[in-house]
Amino acid sequence: MHFLDELNEQQREAVEYIHGPLMVIAGAGSGKTKVLTARIAYLMERGVDPFHILALTFTNKAANEMKARVERMLGNTEARNLYIGTFHSVFARLLRSDAHRLGYPANFTIYDTDDSKSVLKKIIAELKLDEKHYRPNIVFQRISNAKNSLIGWQEYQQYHELLQEDNRAGRPMIAKIYEYYARRCFQNGAMDFDDLLYQMYVLLTQFPDVLHKYQHKFQYILIDEYQDTNPAQYAIIKLLGAVHENICVVGDDAQSIYSFRGATIRNILQFEKDYEDVKVVKLEQNYRSTRNILAVANEVIAYNKQQLPKKLWTQNDEGEKIKLVSLLSEYDEARFVVDAIAEQKYRNHYNNKDFAILYRTNSQSRSFEEHLRRMNIPYTIYGGISFYQRKEIKDFLAYLRVVVNPLDEESLFRIINFPQRGIGEVTQAKIRVLASEHKISVWDVMQRAQDFGFRQNIAETLDAFVTMIKNLQLMLETENAYTVALQAGKASGLVKELYNDKSVEGIARYENVQELLNAIQEFTETPDEEGELTDKSLGAYLQQISLLTDADKDTAESDTVKLMTIHAAKGLEFPCVFVVGLEEGLFPSAMSINTREELEEERRLFYVAITRAKERLWLTYAANRYRYGNQMQNDPSRFISELPPEYIDTPVDQVQLIRRVSQNMFAQQTMPFESSKNTSYRQVQSTPTSTVHVPSPDFKPDDFRLMKVGMKVEHQKFGYGQIVSIDGNATNPIATIRFELSGEKKIMLSYARLRIVSSDAEAS
DNA sequence: TCGGAAATGTTTTTT
DNA sequence: ACATTTCCGA
């Protein structure tokens with residue numbers, strides 16, 4: 001079957017409209033990737049050379065997937081010639097070939113956020129500024145935002161509004177820090193993440209021949225996740241597409257969740273005004289979720305004012321109701337979620353990989369991790385500290401970085417005395433002073449240590465270090481990346497140092513470095529595919545891995561429960577999804593409730609979370625949670641009160657989130673953690689099975705471990721009943737109870753609050 | 001100059 | 001609660 005025949009009317013329209021600007025508004029689960037890949041395949045089928053197609057995606061993984069899918073559609077390997085990748089990785093590649101125009105070495109180092117902050121910290125200290133006022137985080141944020149808005153340090157110093165903001169915040173020196181930072185990065189031959197965009201823009205605007213080259217190279221441009229682009233990306237796209245104007249942007253304003261990174265939803269809201277005759281196609285049919293899930297998502301997002309009008313619909317089944325669960329603590333929350341996973345696996349034959357636990361912040365993963373491990377359920381955590389942020393990996397990479405680019409002082413000072421070789425703080429400081437006095441690089445000072453009057457033994461040590469690096473640099477010319485890396489580990493003594501540490505962590509560190517070496521070997525030894533000419537140098541490797549993220553790790557197929565932030569879950573889907581931690585201050589985050597814009601972004605985040613689910617969705621809330629080491633009480637998230645009750649079930653409600661009228665007073669007296677403020681929840685319609693039962697006044701639940709088959713019990717909602725059977729495991733017994741009023745129900749004993757009425761058990 | 005203890009900051013999300 | 005930084009004594 002031809003790929004065009006698999007598309008619905010709107011999808012097909014988006015694929016076949018290939019001349020002129022096109023905006024595709026692609027609702028969640030509406031087949032966005034399908035459209036993008038089909039469009040590329042269609043272009044190529046119509047004779048467009050893949051060398052002229054540029055496709056920018058949000059993650060490397062998305063790019064690779066897309067490439068593979070196009071290959072499959074066309075049945076040939078032409079797709080390898082596409083220019084496809086993230087903004088950052090594509091621009092890094094382009095910058096590499098023209099870096100010298102901007103005065104950077106082709107092997108420029110890419111600083112990640114940690115590197116950047118480390119440089120900033122040093123500058124703040126050198127300027128004798130107080131780190132309390134000039135917190136590296138804040139300063140970095142400020143500079144990052146400026147760059148993402150294409151404001152260089154010179155412009156920053158002229159920009160009254162920004163200067164005033166800094167003044168008012170008591171940080172008048174940020175403009176100066178920015179200047180120092182930019183100069184330092186340049187001297188170090190390094191670009192940070194934001195530079196990859198900013199310098200690309202500078203390159204295109206200052207060198208018309210370069211602009212011309214790429215404008216004619218990239219005749220067709222496709223942009224994925226357009227709602228999450230920032231002004232720098234916007235400007236670059238505008239420049240690159242100016243000649244052919246064959247720009248296709250795909251996105252969903254309702255899923256714009258990266259404004260903290262400088263993304264602006266304006267790009268997508270205003271695309272229609274950017275060009276004459278913009279074609280707009282809306283994909284509104286959802287193929288992913290059940291009707292219930294989609295209904296909830298639609299209702300939630302409707303609370304936002306700022307959005308492009310659209311309404312998602314689906315032909316899928318109605319599905320289960322959404323489960324809303326309140327628990328007393330994060331411990332209970334984790335236990336509930338993990339038990340529910342076990343139960344679903346058992347009852348509905350799901351695999352581990354069918355489940356995702358989504359949270360607002362990485363720190364929430366811990367309690368789930370503990371419970372999953374206890375229950376022997378394999379899991380994968382995305383995010384947090386990535387492999388490449390581990391200290392031992394950064395140390396090793398620092399050696400390689402210095403070999404490739406000895407101007408990179410950040411890396412140089414990281415390793416100069418690690419493992420210890422007697423170049424202490426004092427010597428390091430002296431080197432720095434000499435370098436700035438003579439206006440030469442630190443590396444130059446070290447190379448000529450003998451000339452600068454160091455003590456003899458120190459000069460010798462410096463010499464030995466320099467010789468080691470130089471030998472590695474020589475190897476670079478004849479040997480492949482892996483051989484150089486292996487030798488670097490040996491010559492530096494780093495591998496030996498790690499090997500000698502026999503503590504548990506030490507062994508793990510050693511293994512991590514081995515894993516890194518394996519990865520480098522794999523990189524060097526992967527043969528070039530036909531027609532492909534990849535750069536196998538160490539420099540190319542380092543630039544590539546700087547831009548890798550956890551999301552790119554291909555663990556999706558392994559049969560594990562996935563844990564990740566909602567941000568990391570963007571673009572993914574799972575049969576069963578748990579959205580946890582729905583509490584005021586956490587989700588929405590306390591940092592994001594000060595303006596309508598911030599709050600609406602949090603709501604979009606909630607929308608993204610909901611729409612990840614295909615079949616079943618749980619939303620959980622914990623009344624108590626540890627934060628900064630002490631326990632905090634939280635109100636239920638305001639988003640809970642925005643849920644449409646007709647699609648919601650509350651199988652477990654330790655906090656009585658939803659109070660039924662008849663139980664109102666009862667709930668008040670027995671629920672110590674009840675929040676008296678939160679009465680805004682719309683009342684649930686009573687369902688046929690929940691005939692109201694008024695619990696006896698002295699109702700006090702008994703320990704579930706006492707429950708036996710045959711017992712008569714009382715349930716707060718369902719009234720009196722008899723336990724028919726108990727199955728499940730010991731930690732999570734599931735009882736079938738025949739209630740007088742509402743018939744047989746399966747109930748998880750550890751959560752149900754049951755009172756034993758009479759224990760004439762074992763009768764059956 | 002080093003190692004261990006005390007103090008301090010951190011948690012919003014990521015290329 | 002945890003990690004990182006700073007402080008302090010030998």
Side-chain angles (χ1 to χ4, degrees), chain A residues 56-63 85-92 110-118 121 125 131-132 135-138 140-141 144 147-148 191-198 200 224-225 228-230 232-233 255-263 330 358-367 370 382-386 388-391 417 420 422-427 505 543-552 564-571 581 583 585-594 598-599 601-602 604-606 608-609 625-632:
Chain A
L56 298 169
T57 62
F58 199 69
T59 61
N60 295 296
K61 194 174 144 212
T86 62
F87 276 90
H88 290 85
S89 64
V90 167
F91 292 167
I110 296 175
Y111 282 168
D112 65 20
T113 309
D114 289 340
D115 299 322
S116 300
K117 284 182 189 163
S118 170
K121 255 175 141 167
E131 235 195 52
K132 301 244 156 51
R135 296 247 291 288
N137 268 324
I138 291 172
F140 176 78
Q141 220 27 265
S144 175
K147 273 190 205 166
N148 284 325
M191 295 198 198
D192 65 16
F193 283 154
D194 303 317
D195 277 328
L196 294 176
L197 307 179
Y198 177 72
M200 186 71 206
D224 193 9
E225 309 281 12
D228 285 321
T229 52
N230 63 36
Q233 291 164 324
Q255 295 186 65
S256 164
I257 53 174
Y258 279 96
S259 71
F260 69 91
R261 211 170 81 186
E330 58 184 331
L358 307 181
Y359 34 75
R360 181 65 179 77
T361 67
N362 278 307
S363 57
Q364 286 167 263
S365 68
R366 257 193 58 188
S367 52
E370 281 167 16
Y382 290 74
I385 325 128
S386 85
Y388 295 103
Q389 284 176 300
R390 290 165 196 272
K391 185 183 175 299
N417 200 30
Q420 287 190 5
I423 308 175
E425 299 276 315
V426 182
T427 312
E505 305 84 28
Q543 288 191 353
Q544 180 205 294
I545 60 155
S546 305
L547 298 169
L548 282 184
T549 60
D550 268 18
D552 299 322
M564 64 187 88
T565 63
I566 299 163
H567 283 90
K570 190 170 82 156
E583 294 130 45
L586 185 62
F587 192 15
S589 160
M591 324 283 285
S592 309
I593 48 175
N594 301 316
E598 286 174 346
L599 184 65
E601 177 148 325
E602 292 288 303
R604 290 194 294 270
L605 196 54
F606 187 42
V608 168
R625 182 182 295 280
Y626 278 93
R627 241 186 155 180
Y628 309 121
N630 33 4
Q631 205 176 45
M632 313 272 283

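The figures that follow rest on heavy atoms only: side chains count, while hydrogens, waters and symmetry mates do not. Here is the naming used below: chain letters follow the sequence lines, and residue numbers restart at 1 for every chain. Keep in mind that this is a model prediction, so the values were computed, not measured.
Atom P of nucleotide dA3(C) and atom CD of Q389(A) are separated by 15 Å, given to the nearest angstrom. If you measure from atom CD1 of I566(A) to atom P of dT14(B), you get 11 Å, rounded to the nearest angstrom. The CG atom of L605(A) sits 10 Å away from the P atom of dT14(B) (whole-angstrom rounding). If you take NZ of K132(A) and P of dT6(C), they are 9 Å apart, rounded to a whole angstrom. With rounding to whole Å, Y258(A) atom OH is found 11 Å from dT13(B) atom P. Taking atom CG of residue N417(A) and atom C1' of nucleotide dC2(B), one finds them 12 Å apart after rounding to whole Å. When the P atom of dT14(B) is taken as reference, atom NZ of K117(A) falls 12 Å away, rounded to whole Å. Following rounding to the nearest Å, I257(A) (CD1) and dT15(B) (C1') show an atom-to-atom distance of 13 Å.
L547(A) has its side chain within reach of L196(A): a pair of non-hydrogen atoms, C-beta onward, lies under 4.5 Å apart. Looking at heavy atoms from C-beta onward, I110(A) lies out of side-chain contact with H88(A) at the 4.5 angstrom threshold.
The residue among R627(A) and T86(A) whose nearest nucleotide of DNA chain B lies closer to the 5′ end is R627(A). Remark on DNA chain B: of its neighbouring residues N137(A) and R261(A), the 5'-side contact belongs to N137(A), judged by nearest-heavy-atom nucleotide.
For dT13(B), the base has no donor-acceptor partner in the side chain of S592(A) [N/O atoms by modelled type, under 3.5 angstrom].
Residue Y628(A) and nucleotide dT11(B) are not classified as a stacked aromatic pair, given the requirement of ring centres less than 5.5 Å apart at an interplanar angle below 30°.
You'll find that the side chain of E602(A) is closest to dT12(B), out of dT14(B), dT11(B), dT12(B). Listed candidates were dT14(B), dC2(C), dT12(B). Nearest to the side chain of R366(A) is dC2(C).
Contact annotation for F260(A): base contact, defined as any heavy-atom pair under 4.0 Å involving a base atom. Looking at heavy-atom distances under 4.0 Å, S363(A) makes contact with a base.
Ring orientation note: the planes of Y258(A) and F260(A) are tilted relative to one another, at an angle of 30° to 60°.
The phosphate of dT5(C) has OP1 or OP2 within less than 4.0 Å of a side-chain N or O from K121(A). For the OP1/OP2 pair of dT11(B) and a distance below 4.0 Å, the side-chain nitrogens and oxygens of R360(A) include no atom meeting the criterion. The phosphate of dT14(B) (OP1 or OP2) has a side-chain N or O of T565(A) nearer than 4.0 angstrom. Remark: N362(A) is in phosphate contact with dT13(B), judged by side-chain N or O atoms under 4.0 Å from OP1 or OP2. Within the 4.0 Å cut-off from OP1 or OP2 of dC2(B), at least one side-chain nitrogen or oxygen of Q420(A) is found.
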Apply side chain to side chain contact (heavy atoms under 4.5 Å, CB included) to residues D192(A) and D115(A) and explain how you reach the verdict.
CA-CA 8 Å; D192(A) 65 16; D115(A) 299 322; over 6 Å; no
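In this structure, Q233(A) contributes its side chain and N230(A) its backbone to a donor-acceptor pair below 3.5 Å.
Side-chain atoms of S367(A) and E330(A) include no donor-acceptor pair closer than 3.5 Å.
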